[in-house]
Each structure stands twice: as C-alpha cells, then as structure tokens.
Amino acid sequence: MKKFLLYTLATITGIFLASILFFFVMVGSLSVMIASGDKGVSVKNNSILVLNTSTVISDRTNDDPLAGFDFVNLSFTPSVGLNDILKSLESAANDTKIKGILIEAGPSSNGWATTREVRDALNKFRNESGKFIIAYSDKVVDQKSYYLSSVADQIYINPSTNLEFSGISGQVTFYKKALDKLGVEVQVLRHGKFKGAVEPYMLDSMSEENRDQIKEYTGSIWNTVLEDISLSRDIPFRDLQYYADNLVAYLAKGAFDNRLVDGLIYRDELNAMLKEKTGTDESKDQETVGLPSYTKTQVNLKKVAAKDKISVIYAEGDIVTSNNSNGDIEGERYAELIRKERNDSTVKAIVLRVNSPGGEATSADIIWREVDLASAIKPVVVSMGDYAASGGYYISAPATRIFAQPVTITGSIGVFGLIPNAESLLKDKLGINTETVNTNRSSDFPSVFKPLTPFERTVMQQSIENVYDNFVDRVSRGRSMSYDDVDSIGQGRVWSGTDALNLGLVDEIGGLNDAISSAAGLAGLTAYSIKELPENEDTYTRLMKQLGEEVRLNIIRKELGISFNLYNELGKLKDYSGIQVRIPYFIEL
C-alpha cells in the first residue's frame with residue numbers, strides 16, 4: 001500500500017511538473033514566433049508584394065501576441081490591420097524594389113467596406129505608380145475576394161477553380177421554437193418597427209419590415225459592387241447581373257468565356273509570367289515579400305515628426321459597460337480617451353474610426369457626450385468601417401464630418417431590451433425552484449426567475465422610449481435635421497452607406513485616409529503627425545491574460561467551423577439583458 005501511494009504521488013508530481021514545463025515551453029515558443037513576426041525583412045530587388053485575401057483584416061494592426069496564433073495547428077501568421085495596409089501600399093508605390101503586387105485570392109471573411117477600402121488603395125497604387133497588379137487563385141474564389149481582385153490588371157485562376165458570383169444573401173436565424181422547448185422566454189421590448197435584432201427571439205420567421213430593409217440595403221451594396229467591377233473589367237452592369245443570376249462563373253471556363261477572368265493557368269505558368277514582368281532570370285526564384293512582413297520594414301516605420309497631431313481613435317467591436325479584454329468599446333475607457341485628446345493642445349483634430357454594430361445604451365451615451373464636447377472645440381471626423389450602426393451611429397452623430405463607404409452598414413436608429421425568463425427551464429425542465437422575498441413589489445426587477453409583471457413591462461417600455469427619444473434628439477442635433485425627419489428614417493431601419501449619404505446621415509463617401517485628410521483640412525494643418533489610440537498593452541501582459549481564453553475559443557472555432565459565429569452570438573445573449581442600441585447582428589451577408 002505504501003509503495004502504491006508513493007507511486008501515485010510520484011505520478012501526480014510528474015504530471016504537474018510536466019504541465020509546468022509544457023506551459024513554459026509553450027510561452028517560450030510563442031515568444032520566439034512573436035519576436036520573429038515583429039522583425040522586418042530585407043526587401044530585395046525585383047520583388048513582388050503579396051496580398052492574401054484570406055487574411056483577416058481588423059481596422060488596426062493587432063499587437064495582441066495571440067492574434068495570429070493557431071493553437072490547434074500550432075502555427076503563427078503575423079496579422080496586419082487596415083491602417084498599416086494603407087501605409088504599406090503607399091510605401092510600395094514609391095519603393096523601387098517593389099515591381100508589382102500579386103493578389104492571392106481565396107475565401108475572405110472580411111467585411112464589404114474593409115474589402116472596398118483595400119481595393120481603393122490598390123487602385124491608387126496602380127494609377128500612381130504605374131506598377132502591375134496580378135490576381136491569381138488555385139482555391140475557391142468567393143465574391144469578396146473576386147471584388148478585391150477585380151481591380152487587378154489581369155485575373156488568372158486554376159482551370160479547375162470555382163468562382164462564386166451569385167449576389168448577396170442575407171440570412172437570419174430564428175431561435176424562438178428552440179427556446180420554447182428549453183423553457184426559456186426572452187421578453188422583448190423595443191422602439192422601432194425595423195429593429196430586427198430582437199426578431200430571432202420573438203418570431204419564427206422574418207417580418208415584412210425586416211425583409212424589406214434587408215432587401216434594400218443588400219441590393220444597394222450589391223449594386224455598388226457590380227458598378228465597381230463593371231468599371232474595372234469593362235463588363236456592362238446588366239451582363240454582370242445576368243452572370244450572377246445564372247451562376248455562369250462557377251466553372252472556371254464560364255468565368256473565362258464571360259471575361260470575368262483573363263486566363264486559366266497553373267501555378268508554374270503564373271511564376272513564369274511574373275518572372276517575365278520583373279525581369280527575373282528563369283533559373284532563379286521570383287523574389288516575393290508578404291504584406292505583413294513588408295509592413296514591419298523600415299520603409300513603413302518612418303514617421304512624420306511634427307508638433308501638431310491628429311489623434312486617430314479606433315473604436316472596433318461591441319459597445320460595452322466594462323472591458324472584458326476582448327477589445328470591445330468600453331464606455332468609460334473611450335470617454336476618458338476622447339476627453340484627454342480634447343484637452344491636449346497639441347492635438348488639433350480627432351478621427352474616430354467606428355466599426356461597431358452598437359451595444360449597451362448607457363455606454364454609447366457616455367461616449368457620445370465626449371464626442372459632442374470634443375467637436376465643439378476642434379474638428380472630429382468619423383470614418384465608418386464595415387458597420388457603424390445603432391450605437392455605432394449614436395457615437396458618430398455629433399462629429400464635424402462623417403465618412404462612410406457605399407457598402408458600410410449604418411443607421412439602425414432604434415432601441416430594444418431583452419429580459420430572459422428562465423422560470424420554466426429551471427422549474428419544469430431542471431426541477432429547480434427559486435423563492436424570493438421582497439421588501440417592495442418590484443425589489444427583484446428585473447429577474448430571470450419570473451416573467452415581467454404588467455407594471456414592470458410598462459416601466460421598462462418607458463425606459464426604452466426615453467432612450468429612443470434621446471437617440472433621435474442626438475442625431476437631430478448632430479446632423480442639423482428635424483426630430484421628425486430623423487424619426488422617419490429611424491425606427492431601427494438599417495441603411496447602406498450610399499443610402500445614408502442621400503438621407504443626410506453621412507457627409508461623404510470615403511475611407512480612413514480620406515477622413516484623416518479632411519480632419520487636417522478642417523484644422524488647417526499642412527504638417528502633422530498621427531497618434532493612434534488606444535495605446536496597446538505590453539505584449540507579454542496580454543499574452544498571460546489571454547492565453548487560456550484564446551486556447552478555449554480556438555479549439556471551439558476549429559471544431560464548429562462556420563457554426564462558431566452562432567455559438568458565439570448565443571453565448572453573448574447573457575450580456576444583452578437591458579437596453580441595447582444594436583444592429584440586427586444575426587444577419588450574415
């Protein structure tokens with residue numbers, strides 16, 4: 001028995017020590033990969049800059065050490081943000097060692113606005129530098145990748161590659177019946193007949209109002225995409241619609257016969273073509289440099305030294321009450337950030353980059369207040385990304401000027417509240433009974449253990465109406481529109497950037513660089529430096545804080561695949577209790 005105990009103790013001790021050793025080996029390996037990812041490269045003569053459309057693009061380069069790490073396959077891919085992509089393409093245009101760009105087209109998970117902004121930057125690169133852009137794929141090419149690739153001088157695909165070109169589909173998933181079976185009632189209160197975010201919990205199918213608005217803004221986005229492709233590829237708009245309706249591009253031959261691509265070639269033929277374009281000897285390998293690596297070079301690290309500054313504040317993610325380390329937009333934190341830049345005399349203008357579907361109403365109002373105060377004393381220019389809707393629009397409304405892409409999803413001026421009632425689940429399904437003792441009739445309001453009383457529902461609805469009234473008033477003041485005019489285009493309705501421009505919700509069509517140039521002009525600046533905020537945490541502090549959570553999420557993401565988004569949104573339901581100013585986030589385009 002004594003030997004058995006000793007053996008068991010030794011085994012447990014060995015496992016414990018092995019776990020500690022594995023942890024430090026993992027951290028050490030991560031450190032090496034992160035360090036290698038932070039190093040620049042020596043760009044050689046006759047190089048081609050490679051842009052991979054499958055790379056996930058955030059608004060700002062993510063210094064999070066885990067951002068590019070795959071814990072399942074133990075691989076590391078340095079990430080690069082839109083801000084650095086734009087800088088890199090400007091540098092590459094003037095870099096004599098870069099002879100052209102190769103777009104490696106593949107499935108893309110980036111938003112339409114982000115894709116268009118990169119596409120515009122590529123177009124500017126080609127027009128100003130005179131250098132070539134070639135797109136190629138031997139994978140399935142989805143619509144966003146093709147849209148980006150259509151700016152190239154030539155597009156080539158493998159003879160057996162499929163090209164997806166079928167139009168935009170907006171899908172909404174409904175949970176009411178599933179929740180009914182579980183015994184969970186989601187009590188919904190809202191203002192805005194178009195506030196589709198709550199429909200998955202209260203309906204079994206899409207309302208006509210929601211169907212109409214989705215049809216409207218997806219149609220607007222698709223029209224912009226077709227117009228841009230038509231201009232670049234010299235294919236009539238009507239023909240492109242026909243191709244989408246009849247899936248003529250799905251087979252590579254159909255894509256070639258209808259001029260959507262310029263040739264069906266293999267990788268070796270592409271390599272020979274690129275060598276000819278760069279003057280590289282056939283016996284040598286073509287020099288290439290990936291965009292993330294190029295971003296780290298000294299070419300891109302040069303900064304303008306100037307006393308006057310423009311602060312670019314990146315507000316990306318959900319608007320939340322507290323910081324959960326997921327990079328969301330925390331109300332108090334961002335309010336304090338804007339306040340500091342407002343009071344900094346060296347900061348002559350602020351650019352607020354908004355890429356948010358909205359979130360918690362009070363936090364949005366806290367940020368709105370600081371944007372409003374800042375815009376009273378210095379130019380504040382908003383640059384909208386893929387989304388700047390509901391709470392994302394709320395915080396944008398008081399800005400001096402607002403820029404959006406035609407394919408930006410914005411508006412959604414509406415309010416809703418969700419109060420889950422799990423009484424049936426706990427009592428009938430799980431056999432759990434909860435007894436409550438109150439000093440007053442609504443001391444436990446709101447509660448997940450019982451349904452709302454008529455009185456409590458009335459109080460909650462009054463709060464919803466108050467937030468909506470404030471929302472419309474904020475927009476009315478910020479956009480110099482009447483209350484009734486804002487209300488008529490509000491009601492939770494979602495708009496494309498093009499429609500928002502026509503309605504007066506935004507001022508100009510353009511991207512981040514356009515917003516920065518506008519801010520400089522409004523501030524009367526000819527020389528200035530860019531100050532990017534929020535400041536990033538220490539790399540290893542973030543590594544230690546996020547290691548466990550990222551491991552868990554990456555394993556789940558690997559197992560669930562495209563279903564991960566559904567899992568993630570359902571997991572967030574607990575955070576949506578209370579009053580929300582949020583877009584219909586369950587829509588996948």
Side-chain angles (χ1 to χ4, degrees), residues 56-60 62 81-83 109-114 117 195-197 217 312-335 337-338 350-372 380-399 402-405 407-416 467 471 474-475 478 492 494-497 500 505-506 511-512 515 532-534 565 568-569 572 575-576 578-589:
V56 177
I57 303 173
S58 57
D59 279 346
R60 182 185 184 189
N62 192 347
L82 177 65
N83 60 332
S109 60
N110 297 308
W112 284 106
T114 297
E117 197 152 352
K195 205 65 190 174
Y217 71 71
V312 181
I313 301 174
Y314 294 89
E316 186 172 11
D318 292 342
I319 299 175
V320 298
T321 302
S322 60
N323 187 6
N324 55 10
S325 299
N326 288 333
D328 288 327
I329 308 167
E330 182 188 1
E332 290 289 354
R333 180 189 180 205
Y334 272 79
L337 190 63
I338 297 167
I350 297 172
V351 172
L352 183 63
R353 173 69 175 191
V354 180
N355 206 338
S356 172
E360 201 270 328
T362 301
S363 295
D365 197 52
I366 290 170
I367 298 172
W368 167 86
R369 172 67 175 173
E370 289 301 328
V371 175
D372 189 47
V380 177
V381 180
V382 164
S383 168
M384 293 181 169
D386 296 317
Y387 299 90
S390 208
Y393 189 81
Y394 195 118
I395 66 176
S396 303
I402 300 177
F403 284 77
Q405 290 287 352
V407 292
T408 294
I409 293 177
T410 187
S412 192
I413 301 169
V415 184
F416 69 87
V467 174
F471 197 163
R474 308 287 193 248
V475 177
V494 178
W495 303 99
S496 69
L505 293 176
V506 305
L512 179 59
E532 294 187 319
L533 298 167
N565 288 338
N568 201 36
E569 293 297 345
K572 289 181 179 180
D575 299 323
Y576 296 155
I579 298 176
Q580 303 284 314
V581 280
R582 181 181 297 274
I583 195 176
Y585 49 86
F586 287 97
I587 294 176
E588 293 287 342
L589 298 184

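Computed from a prediction, not measured in an experiment: that's the story for all the values here.
Contacts of E532 classified as salt bridge (charged side-chain N to carboxylate O under 4.0 Å, His left out), with partners at least two apart in sequence or in another chain: K87. In this structure, the side chain to side chain contact (heavy atoms under 4.5 Å, CB included) partners of D365, at least two apart in sequence or on a different chain, are W368, Y394, R474. The salt bridge (charged side-chain N to carboxylate O under 4.0 Å, His left out) search around E117 returns R353, not counting sequence neighbours. Scanning for side chain to side chain contact (heavy atoms under 4.5 Å, CB included) contacts around I366 gives E332, A335, T362, with sequence neighbours left out. With sequence neighbours excluded, the residues that form a side chain to side chain contact (heavy atoms under 4.5 Å, CB included) with A113 are D386, Q405, V407, T408. In this structure A500 satisfies the side chain to side chain contact (heavy atoms under 4.5 Å, CB included) test together with T410, L505, V506, sequence neighbours excluded.
Considering CH2 of W495 and CD1 of I413, their distance stands at 9.5 Å, rounded to 0.5 Å. In this structure, the separation between OG on S396 and CD1 on I367 is 10.0 Å, given to the nearest 0.5 Å. Separating the OH atom in Y314 from the OH atom in Y334 is a distance of 11.0 Å, to the nearest 0.5 Å. Distance CG/L82 to CZ/R60: 12.5 Å, rounded to 0.5 Å. S496 contributes atom OG, which lies 13.5 Å from atom CH2 of W112 (distance to the nearest 0.5 angstrom).
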*Let me see the working for N355 and Y387 under side chain to side chain contact (heavy atoms under 4.5 Å, CB included), right down to the final yes or no.*
CA-CA 5 Å; N355 206 338; Y387 299 90; 4.2 Å; yes
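Nearest heavy atoms, I409 versus Y217: CD1-CE1, 4.2 Å. Annotation for A515 and S383: closest pair CB-CB, 3.7 Å, computed over non-hydrogen atoms. Listed here is the closest heavy atom pair of G317 and S356: O-OG, 2.7 Å. Across every non-hydrogen atom of A361 and V467, the tightest pair is CB-CG1, 4.0 Å. What you find for P534 and L337 is that their closest heavy atoms are CG-CD2, 3.9 Å. Closest heavy-atom contact between G414 and S390: O-OG, 3.6 Å.
In this structure, N110 contributes its side chain and I57 its backbone to a donor-acceptor pair below 3.5 Å. The main-chain N or O of S363 is found under 3.5 Å from a side-chain atom of E360 such that the two form a donor-acceptor pair. Not a single donor-acceptor pair under 3.5 Å links the side chain of D328 to the backbone N or O of I319. Side-chain atoms of E370 never come within 3.5 Å of backbone atoms of I338 as a donor-acceptor pair (strictly under, hydrogens ignored).
Taking 4.5 Å as the limit, some side-chain heavy atom of L512 sits within range of a side-chain heavy atom of V351.
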